[in-house]
S.K.: 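Here it is, the structure, as structure tokens.
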Amino acid sequence: MRLSSVLAFIFDIDGTLVDSNELHVDSWDRAFRRFGKQFPREQLRAQIGKGSDQYLPEFLTPEEIKRFGKELDEYRSGLFRKEYLPKVRPFPKVREIFERIHNDNKRIVLASSGKKADTKYYIDLLKIGNGAGGSRATKTGKPERVGESGDEPINLIDGYVSGDDADSSKPAPDIFAASLEKLDDISPADAVTVGDTRFDIEAAKKADLKTIAFLCGGTPESMLREVGAIAIYRDPADFLAHYDELTK
């Protein structure tokens, strides 16, 4: 594939930019057990990439969701934020690939099924922009420089969308559709998503977007190809290593 005609990238976060998927499995496992439910880790892992609105119905009956679903979700979110979020580490070369894309005059939006607070934490962790608001884009469409003294970093993203900003999380297309809105006049044909799960690819398809997939989130390459990834790389560092040849 060639990226020379691509004007914008829409990046997933968990499992794509940060190494967090197994931590999410752990937190879901503990949350379910607290409410008297227990499931094999393989089943819990297979649904990672969905927001809680899509995740819980895979394991709980409608009656259980009505009875304690919200309480379980809130417990899980608090547990993850307190005990697991500090353990999350970025994959190598995330800021470098964002800088490369930014210097190529292409735009970037983050699109996560996760909670807004977690998304803002990741933006700070990755040192790619200001997580205080959904967007810092200027009237020219390019992210603004955060500081003029040279001491502060350039904001590398045009905005972000979290699971809290959409009616339905992945694999529904809502999050990617909202991401496109932050890109103003850029059409789906001129943008590409980057993710690590089948749910990223399925959601992108519904929004008429193509997806580059990373293996670092743990999804088998065969599954990513089967659901329609247009290209597959090991991780952000591997994508960066091939970026120049893809944009020629």
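Position 1 is the first residue of the sequence, and the numbers go up from there. Everything numeric in this text was worked out from a predicted model, so none of it was measured.
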S.K.: Quick test of your reading of the model: are Lys37 and Glu64 salt-bridged, counting only N-O distances below 4.0 Å?
M.R.: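 Judged by the 4.0 Å cut-off on N to carboxylate O distance, Lys37 and Glu64 do form a salt bridge.
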
S.K.: Spell out, as yes or no, whether a donor-acceptor pair under 3.5 Å connects the side chain of Ser169 to the backbone of Gly163.
M.R.: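 Not confirmed, Ser169 side chain does not pair with Gly163 backbone.
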
S.K.: So which atom in Ser112 and which in Ile13 form the shortest heavy-atom distance, rounded to 0.1 Å?
M.R.: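 Where Ser112 meets Ile13 most closely, the heavy atoms are CB-CD1, 3.9 Å.
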
S.K.: Go through the steps to decide whether Glu58 and Lys50 satisfy the test salt bridge (Lys or Arg N to Asp or Glu O under 4.0 Å), and finish with yes or no.
M.R.: CA-CA 10 Å; Glu58 296 291 337; Lys50 295 180 176 181; 2.8 Å; yes

S.K.: Is any side-chain heavy atom of Ile201 less than 4.5 Å from a side-chain heavy atom of Leu224?
M.R.: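 Result yes, sub-4.5 Å side-chain heavy-atom pair found.
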
S.K.: I'd like to check Gln47 versus Phe199 (side-chain heavy atoms, cut-off strictly below 4.5 Å). Are they in contact?
M.R.: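 Yes, their side chains come closer than 4.5 Å.
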
S.K.: In the structure I gave you, are the side-chain heavy atoms of Tyr75 and Phe35 within less than 4.5 Å of one another anywhere?
M.R.: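 The answer is yes; the side chains approach within 4.5 Å.
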
S.K.: So do Phe214 and Asp12 actually touch side chain to side chain, heavy atoms under 4.5 Å?
M.R.: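 Sidechains of Phe214 and Asp12: no contact.
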
S.K.: Counting only N and O atoms by type, is there a donor-acceptor contact under 3.5 Å from the side chain of Ser162 to the main-chain atoms of Lys115?
M.R.: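 Answer holds: no.
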
S.K.: Quiz question: by atom type and distance under 3.5 Å, do the side chains of Asp104 and Tyr243 form a donor-acceptor pair?
M.R.: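 Yes, Tyr243 and Asp104 have a side-chain donor paired with an acceptor closer than 3.5 Å.
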
S.K.: Using modelled atom types and a 3.5 Å cut-off, is there a donor and acceptor pairing between side-chain atoms of Thr16 and backbone atoms of Asp196?
M.R.: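 Flag set: sc Thr16 to bb Asp196 pair under 3.5 Å.
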
S.K.: Assess whether a salt bridge exists between Asp29 and Arg33, defined as any Lys/Arg side-chain N lying under 4.0 Å from an Asp/Glu carboxylate O.
M.R.: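 So Asp29 pairs with Arg33 through a salt bridge.
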
S.K.: Look only at the side chain of Asp164 and the backbone of Lys116, and say whether a donor-acceptor pair between them is shorter than 3.5 Å.
M.R.: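 Side chain of Asp164 to backbone of Lys116, a donor-acceptor pair under 3.5 Å: yes, one is there.
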
S.K.: Is it true that Tyr84 and Arg30 share a donor-acceptor pair across their side chains at a distance under 3.5 Å?
M.R.: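 There is such a pair between these side chains.
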
S.K.: Ser52 vs Trp28, test: side chain to side chain contact (heavy atoms under 4.5 Å, CB included). Steps then yes/no.
M.R.: CA-CA 10 Å; Ser52 59; Trp28 277 115; 3.9 Å; yes

S.K.: Heavy-atom count check: over 12 atoms from other residues, nucleotides or ligands less than 6.0 Å from Lys70 NZ?
M.R.: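 12 or below, so no.
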
S.K.: For the side chain of Tyr55 and the backbone of Leu44, is there at least one donor-acceptor N/O pair under 3.5 Å apart?
M.R.: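 Checked: pair present.
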
S.K.: Taking side chain as C-beta onward, heavy atoms only, is Pro57 less than 4.5 Å from Ile65?
M.R.: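 Yes, side chains in contact.
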
S.K.: Please step through side chain to side chain contact (heavy atoms under 4.5 Å, CB included) for the pair Val18 and Arg89, ending with a clear verdict.
M.R.: CA-CA 6 Å; Val18 299; Arg89 296 293 178 265; over 6 Å; no

S.K.: Check this for me, if you would: do Lys93 and Asp235 make a salt bridge, where the nitrogen-to-carboxylate-oxygen distance has to be below 4.0 angstrom?
M.R.: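 Answer for the salt bridge query: no.
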
S.K.: Given 3.5 Å as the limit, does a donor-acceptor pair link the side chain of Thr193 with the main chain of Lys210, or not?
M.R.: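 The answer is yes, because a donor-acceptor pair under 3.5 Å joins these two groups.
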
S.K.: Testing Leu3, Leu183, Val109 for side-chain contact (heavy atoms from CB on, under 4.5 Å) with Phe9, which one passes?
M.R.: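 Going through the options one by one, the only one that passes is Leu3.
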
S.K.: Can we say Glu99 and Arg95 salt-bridge, meaning some charged N sits less than 4.0 Å from an Asp/Glu carboxylate O?
M.R.: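 Arg95 and Glu99: salt-bridged.
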
S.K.: Does the side chain of Asp167 reach to within under 4.5 Å of the side chain of Asp53, using non-hydrogen atoms?
M.R.: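 When only atoms from C-beta onward are counted, Asp53 and Asp167 do not touch, as no gap falls below 4.5 Å.
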
S.K.: Would Leu17 and Tyr122 count as a side chain to side chain contact (heavy atoms under 4.5 Å, CB included) here? Give the steps.
M.R.: CA-CA 9 Å; Leu17 303 178; Tyr122 290 146; over 6 Å; no

S.K.: Begin from the C-alpha positions of Lys182 and Val161 and carry the test side chain to side chain contact (heavy atoms under 4.5 Å, CB included) through to its verdict.
M.R.: CA-CA 9 Å; Lys182 290 186 177 293; Val161 177; 3.7 Å; yes

S.K.: Ignoring hydrogens, what is the shortest heavy-atom contact between Pro220 and Leu215? Give both atom names and the distance.
M.R.: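 In this case the closest contact between Pro220 and Leu215 is C-CD2, 4.5 Å.
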
S.K.: Any carboxylate oxygen within less than 4.0 angstrom of a Lys/Arg side-chain nitrogen, looking at Asp158 and Arg107?
M.R.: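 Judged by the 4.0 Å cut-off on N to carboxylate O distance, Asp158 and Arg107 do form a salt bridge.
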
S.K.: Determine whether Gln54 and Ser168 make a side-chain contact, defined as any pair of heavy atoms from C-beta on separated by less than 4.5 Å.
M.R.: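 Counting from C-beta outward, Gln54 and Ser168 do come under 4.5 Å.
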
S.K.: Is the shortest side-chain N to carboxylate O distance from Glu71 to Arg34 below 4.0 Å?
M.R.: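 Arg34 and Glu71: not salt-bridged.
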
S.K.: So Asp200 and Thr211, side chain to side chain donor-acceptor pair (under 3.5 Å) or not? Walk me through it.
M.R.: CA-CA 8 Å; Asp200 292 313; Thr211 302; over 6 Å; no

S.K.: On a heavy-atom basis, which atom in Arg81 and which in Asp118 lie closest, and how many Å separate them?
M.R.: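 Arg81 and Asp118 have their closest heavy atoms at NE-OD1, 2.9 Å.
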
S.K.: Could you check if a side-chain atom of Ile232 sits within less than 4.5 angstrom of a side-chain atom of Ile212, using non-hydrogen atoms only?
M.R.: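 A side-chain contact is absent here, since even the closest heavy-atom pair is not under 4.5 Å.
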
S.K.: Salt bridge or not for Glu96 and Arg100, using N-O below 4.0 Å?
M.R.: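 Arg100 and Glu96: not salt-bridged.
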
S.K.: Run Lys206 and Glu202 through salt bridge (Lys or Arg N to Asp or Glu O under 4.0 Å) and show every step you take.
M.R.: CA-CA 7 Å; Lys206 295 170 186 174; Glu202 292 170 357; 5.6 Å; no

S.K.: Is Ile175 linked to Leu180 within one hydrophobic cluster, defined over Ile, Leu, Val, Met, Phe, Trp and Tyr using a side-chain heavy-atom separation of less than 4.5 Å?
M.R.: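 They do not share one cluster, since no chain of ILVMFWY contacts under 4.5 Å joins Ile175 to Leu180.
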
S.K.: Using modelled atom types only, decide if a donor and an acceptor are shared between the side chain of Lys205 and the backbone of Val227 within a distance under 3.5 Å.
M.R.: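 Yes: the side chain of Lys205 pairs with the backbone of Val227.
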
S.K.: Please name the pair of heavy atoms, one in Ala111 and one in Phe176, separated by the smallest distance, quoted to 0.1 Å.
M.R.: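 Closest approach of Ala111 to Phe176, heavy atoms only: CB-CE2, 3.7 Å.
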
S.K.: Please say yes or no: joined through hydrophobic side-chain contacts below 4.5 Å, possibly via intermediate residues, are Val88 and Leu110 part of one cluster?
M.R.: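 Yes.
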
S.K.: Can you see which heavy atom on Pro92 is nearest to which on Pro236, and at what distance?
M.R.: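 In this case the closest contact between Pro92 and Pro236 is O-CB, 3.6 Å.
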
S.K.: Please report the closest heavy-atom contact between Ala191 and Ile186, naming both atoms and the distance.
M.R.: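 Residues Ala191 and Ile186, closest heavy atoms: CB-CG2, 4.3 Å.
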
